[in-house]
**Student:** 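Let me give you the structure first, and then I'll get to my questions.
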Amino acid sequence: MPVLSETLRDKIKSYIPRYPSKQAVTLPALHLVQEELRCVPLEAMREIAELLDLHPAQVQDTMSFYGYFRDPDHKLGKHRVWICRSLSCMLRGGEELLRSLCDKTGLKPGETTRDGRVTLEFAECLGACEGAPCMLVDEECHMHVTPAQAMLKLAELE
Amino acid sequence: MATSFEPVLLRNVGVKDSHTLKVYRARGGYEGLQKALALPPGDVVARVKDSGLRGRGGAGFPTGVKWTFLPKDHPGPIYMCINADESEPGTFNNRILMEDDPHQVIEGIIISSYATKAATAYLYIRVEYGLSFRRLQSAIDECYEAGLLGKNIQGKQGFHLDIHLHRGAGAYICGEETGLIESLEGKRAWPRIKPPFPAIEGVFRKPTIVNNIETMACVTHILDRGVDWFRSIGVPPDPSNPRDIGSLGPKLYCVSGHVNKPGCYEAPLGITVRELIDDFAGGVWKGRKAKACIPGGLSMGFLTEAEFDTRLDFNELQKKGCLGLGTAAVIVIDDQTSMIDVLYNSCRFFSHESCGQCTPCREGTAWMTKILARMRRGQGELSDLDQLAEIGGGIGLTPGTTICGLADGAAWPVKNAMQKFRPEFEEWIRSGRRSEDPLGELLAHH
């Protein structure tokens, strides 16, 4: 039984005409897989390799380079929350914001709540420095975030 | 100069629905493209070259000159890669252009692809920029529908262009142009040894131009408003230096850190740090004084407050010992902030983002971070300062020990701190003080 559904395979295949080399579809494929499975299992990498005419080790090599992708031992929660720790945010309380979220959730950066709802991460510069400190919740960036507002955002996530 | 200056790159920002084709067109959009398509491609290259436009992504290489490095009469394909992996701490101008005026950027990409005879453009965008991605994709969709992308664009026989968005995966090194190319090809983003430069052999082993988002926006206006207009803004070439091409055109300056009004401001190239902080960013916050600033994104090093009258252009910052203008992102640091904490933050960033390919960078950035972490715990020694200066002097393209410039960016803040703030570090070490680390044991290894 393949790990990747037929729909997911079709989505991956739809990227192939964009590039003269199938290997270039590696990042789009890893994104699609992680979005659905919340991690990239080894079997998924084998199946990506098969779709893209690669050796599984090539997919593994790329996947493991980017900290964005997770293996099954570090599976992501339903939502991913990033707090920026780089200089512009640090100067305006970014590290204190991260600390406070860690204390209130009992998580260390990188960990996921027991119910699998939220993964908390530190980020290097999120590119929202005018709104420091900032946080990224999945695909939405929030600026000038106080610890209380951040906890509210977390509580709103389903 | 500053008083008569009208924003051009930001002119649509804040206008309702500025990201839509309808509004962009109503405000004069795609007229630059019409003018470009009336010219042969070689003339478009000549105009961009004559304008003196220098790449806005960090290195400041003349854009038109870069385009002339493409092989003559190449049978193709030639590729455009647009670098939207904006990750330099303090920098967010590309994000604002993509979110609020994506068509201005796309118009520049279409013009540049016409000039360089590229039929495919890949826009490599960092994955964290969700709204930028959505706005760009919807703008691209509008362009296909309006005949601005696809086959025989605007009735110009033989001019075809597709733009594909390609999302990164959270790695700063993908902003380095050959790291970007490797990543786009589906590999780990290890920068390539140059030469060959991408113009000769780039993505998929074909001639490739890699340009920044803000550079693309400038191209749009050079074709629309003309070379003379562009050259009337900024710092003209130094007549006594025949190799200087000046610092011409408008620039998006990002201001963050300890100011009252952090933001992205457009000004002629050559505005001083002090003007930027006082006239645009509302001055230093809480009535305090500034101690220092990062003048152009974290990797450019530090200016002391006494150096704030330095012009933010392509020539002046080197004279103050900084690496360069970089992305022109100014991070202001007030006088209550410890430079030990600031430098630790900087080293931690570069250590985290070193791609690991070159040993001096991988190990050097890690050791600088460890030394500073120890110093923050009150266990620093005076000899650590010489050690930091030595590591900082030994890693990077400058001493010739690494493949790309990431290590230079890591080293510069350290070198500048040792030159300009050494007494503060010495006093810190002698006092045995400790720094409160809010993250403490939570981040033991990063």
Side-chain angles (χ1 to χ4, degrees), chain A residues 15 18-31 34 52 54 58-59 61-69 82 84-100 102-103 107-110 121-132 136 138-141, chain B residues 77 86-92 94-95 122 126-131 133-134 162 164 166-172 183-190 204 206 254-258 262-264 294 298 329 331-334 337 341-342 345-346 348-349 352-353 355 437-440 442-443 446:
Chain A
Y15 279 83
R18 294 186 180 193
Y19 310 94
S21 122
K22 285 189 182 174
Q23 188 172 12
V25 180
T26 304
L27 279 191
L30 290 169
H31 277 304
Q34 178 159 289
L52 303 181
L54 299 169
Q58 289 174 288
V59 181
D61 186 66
T62 300
M63 181 274 192
S64 60
F65 178 80
Y66 300 92
Y68 192 80
F69 300 118
W82 306 80
C84 180
R85 68 170 191 179
S86 291
L87 188 59
S88 299
C89 280
M90 178 275 242
L91 292 172
R92 298 179 79 110
E95 294 189 330
E96 287 79 3
L97 176 62
L98 180 54
R99 172 89 223 188
S100 132
C102 289
D103 289 347
L107 300 174
K108 283 186 179 175
E121 307 253 22
F122 72 77
E124 296 293 3
C125 192
L126 289 171
C129 320
E130 81 272 43
L136 185 67
D138 298 323
E139 298 253 318
E140 301 298 329
C141 186
Chain B
E86 181 170 69
S87 313
E88 180 70 28
T91 313
F92 49 90
N94 289 356
R95 193 199 86 234
Y122 296 105
R126 65 180 305 197
V127 69
E128 293 85 350
Y129 279 3
L131 182 57
F133 177 80
R134 297 194 294 275
D162 290 309
H164 301 297
H166 191 96
R167 299 188 87 167
Y172 171 77
S183 178
L184 179 58
E185 290 183 353
K187 304 170 190 162
R188 55 174 57 218
W190 275 4
F204 310 121
K206 297 294 178 191
C254 299
V255 192
S256 64
H258 294 153
C264 176
I294 306 269
L298 191 57
I331 308 175
V332 179
I333 299 157
D334 74 17
T337 305
D341 290 345
V342 170
N345 186 284
S346 172
R348 187 181 67 185
F349 173 82
H352 187 257
E353 296 301 332
C355 79
D437 186 348
L439 298 176
L442 289 175
L443 291 171
H446 294 285

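Fair warning: this is a prediction, and the values are worked out from it, not measured in the lab.
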**Student:** Let me confirm one number: the SG-CD1 distance from Cys125(A) to Ile331(B), rounded to the nearest 0.5 Å.
**Tutor:**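 Taking SG in Cys125(A) and CD1 in Ile331(B), the distance rounds to 7.5 Å.
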
**Student:** Just by distance, do the side chain of Asp341(B) and the backbone of Leu91(A) share a donor-acceptor pair under 3.5 Å?
**Tutor:**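 No, because the side chain of Asp341(B) does not come within donor-acceptor range (under 3.5 Å) of the backbone of Leu91(A).
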
**Student:** Any ion pair linking Arg188(B) and Asp61(A) (charged N to carboxylate O, less than 4.0 Å)?
**Tutor:**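 Yes, this pair counts.
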
**Student:** Are the side chains of Arg85(A) and Arg348(B) in contact, using a 4.5 Å heavy-atom criterion?
**Tutor:**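 In contact.
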
**Student:** Give, as side chain, backbone, both or neither, the part of Cys102(A) having an atom under 4.5 angstrom from any heavy atom of chain B.
**Tutor:**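 Contact with chain B is through the side chain of Cys102(A) alone.
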
**Student:** Heavy-atom cut-off 4.5 Å, strictly under: side chain, backbone, both or neither for Cys264(B) against chain A?
**Tutor:**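 Nothing of Cys264(B), per the 4.5 Å heavy-atom cut-off to chain A.
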
**Student:** Does any backbone or side-chain atom of Ser100(A) lie under 4.5 Å from a heavy atom of chain B? Answer side chain, backbone, both or neither.
**Tutor:**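 Nothing of Ser100(A), per the 4.5 Å heavy-atom cut-off to chain B.
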
**Student:** Using non-hydrogen atoms and a 4.5 Å limit, figure out which bit of Ser87(B) sits close to chain A: side chain, backbone, both or neither.
**Tutor:**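 Only the backbone of Ser87(B) comes within 4.5 Å of chain A.
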
**Student:** Is there side-chain contact between Ser256(B) and Glu130(A), with at least one heavy-atom pair below 4.5 Å?
**Tutor:**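 Ser256(B) does not reach Glu130(A) side chain to side chain.
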
**Student:** Considering only heavy atoms from C-beta outward, does the side chain of Leu126(A) approach that of Tyr129(B) to under 4.5 Å?
**Tutor:**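 Leu126(A) does not reach Tyr129(B) side chain to side chain.
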
**Student:** Over all heavy atoms of both residues, which pair between Gly168(B) and His31(A) is shortest? Give the atoms and the distance, please.
**Tutor:**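 Where Gly168(B) meets His31(A) most closely, the heavy atoms are O-NE2, 2.7 Å.
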
**Student:** Does Arg126(B) come within less than 4.0 Å of Glu124(A), counting only side-chain N to carboxylate O?
**Tutor:**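 Result for this pair is no, no salt bridge flagged.
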
**Student:** Identify which part of Ala128(A) has an atom lying under 4.5 Å from any heavy atom of chain B, answering side chain, backbone, both or neither.
**Tutor:**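 It is both, since atoms from each part get that close.
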
**Student:** Any chance you could measure Lys187(B), atom NZ, to Ser21(A), atom OG, to the nearest 0.5 Å?
**Tutor:**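 OG of Ser21(A) is found 7.5 Å from NZ of Lys187(B).
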
**Student:** Given that the side chain runs from C-beta out, which part of Leu298(B) has a heavy atom under 4.5 Å from chain A: side chain, backbone, both or neither?
**Tutor:**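 It is the side chain, since no backbone atom gets that close.
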
**Student:** For the pair Arg92(A) (side chain) and Gly257(B) (backbone), establish whether a donor and an acceptor sit closer than 3.5 Å, ignoring hydrogens and angles.
**Tutor:**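 Yes.
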
**Student:** Answer with side chain, backbone, both or neither: which region of Leu136(A) has an atom nearer than 4.5 Å to a non-hydrogen atom of chain B?
**Tutor:**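 Side chain only.
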
**Student:** Do Ser88(A) and Phe92(B) come close enough that some side-chain heavy atom pair is under 4.5 Å?
**Tutor:**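 No, every pair of side-chain atoms sits at 4.5 Å or beyond.
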
**Student:** I need the residue from Trp190(B), Phe133(B), Tyr122(B) with the largest number of non-hydrogen atom pairs under 4.5 Å to chain A.
**Tutor:**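 Highest number of pairs under 4.5 Å: Tyr122(B).
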
**Student:** Count the heavy-atom pairs under 4.5 Å between each of Gly170(B), Cys355(B), Pro77(B) and chain A, then report the option with the highest count.
**Tutor:**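 Option with the greatest count: Cys355(B).
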
**Student:** Determine, for Glu140(A) against Arg134(B), whether the closest basic-nitrogen to carboxylate-oxygen distance falls under 4.0 angstrom.
**Tutor:**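 Between Arg134(B) and Glu140(A) there is a salt bridge, with a charged N closer than 4.0 Å to a carboxylate O.
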
**Student:** Where does Phe349(B) contact chain A at under 4.5 Å (heavy atoms): side chain, backbone, both or neither?
**Tutor:**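 For Phe349(B), the contact with chain A is made by backbone and side chain together.
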
**Student:** Which residue out of Cys254(B), Ser346(B), Ala189(B) racks up the most heavy-atom pairs below 4.5 Å with chain A?
**Tutor:**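 Highest number of heavy-atom pairs under 4.5 Å: Ala189(B).
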
**Student:** Sort out for me which of Glu86(B), His166(B), Glu128(B), Glu88(B) touches chain A most, counting heavy-atom pairs under 4.5 Å.
**Tutor:**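 Most heavy-atom pairs within the cutoff with chain A belong to His166(B).
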
**Student:** Need one label for Glu353(B): side chain, backbone, both or neither, based on atoms under 4.5 Å from any heavy atom in chain A.
**Tutor:**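 Answer is side chain: those atoms of Glu353(B) sit under 4.5 Å from chain A.
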
**Student:** Tell me, do Ser183(B) and Leu27(A) make a side-chain contact under 4.5 Å, heavy atoms counted?
**Tutor:**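 A side-chain contact exists here, since the closest heavy-atom pair is under 4.5 Å.
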
**Student:** Go through the atoms of Tyr15(A) and report whether side chain, backbone, both or neither lie under 4.5 Å from a heavy atom of chain B.
**Tutor:**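 No part of it gets close to chain B.
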
**Student:** Out of Leu131(B), Val342(B), Asp437(B), Ile333(B), return the one with the most heavy atom pairs under 4.5 angstrom to chain A.
**Tutor:**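 Going by pairs under 4.5 Å, I would pick Val342(B).
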
**Student:** Mind running salt bridge (charged side-chain N to carboxylate O under 4.0 Å, His left out) on Lys22(A) and Glu185(B) for me, showing each step along the way?
**Tutor:** CA-CA 9 Å; Lys22(A) 285 189 182 174; Glu185(B) 290 183 353; over 6 Å; no

**Student:** First locate atom CG of Leu439(B), then atom CZ of Arg99(A), and finally report the distance between them rounded to the nearest 0.5 Å.
**Tutor:**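 Going from CG on Leu439(B) over to CZ on Arg99(A), the span is 7.0 Å.
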
**Student:** Below 4.5 Å from any heavy atom of chain A, which atoms of Arg167(B) appear? Answer side chain, backbone, both or neither.
**Tutor:**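 Both parts, backbone and side chain.
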
**Student:** Please identify, among Pro89(B), Ala169(B), Pro262(B), Gly130(B), the residue contributing the most non-hydrogen atom pairs under 4.5 Å to chain A.
**Tutor:**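 Top count of heavy-atom pairs under 4.5 Å with chain A: Ala169(B).
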
**Student:** Does the side chain of Pro109(A) reach to within under 4.5 Å of the side chain of Leu442(B), using non-hydrogen atoms?
**Tutor:**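 Sidechains of Leu442(B) and Pro109(A): in contact.
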
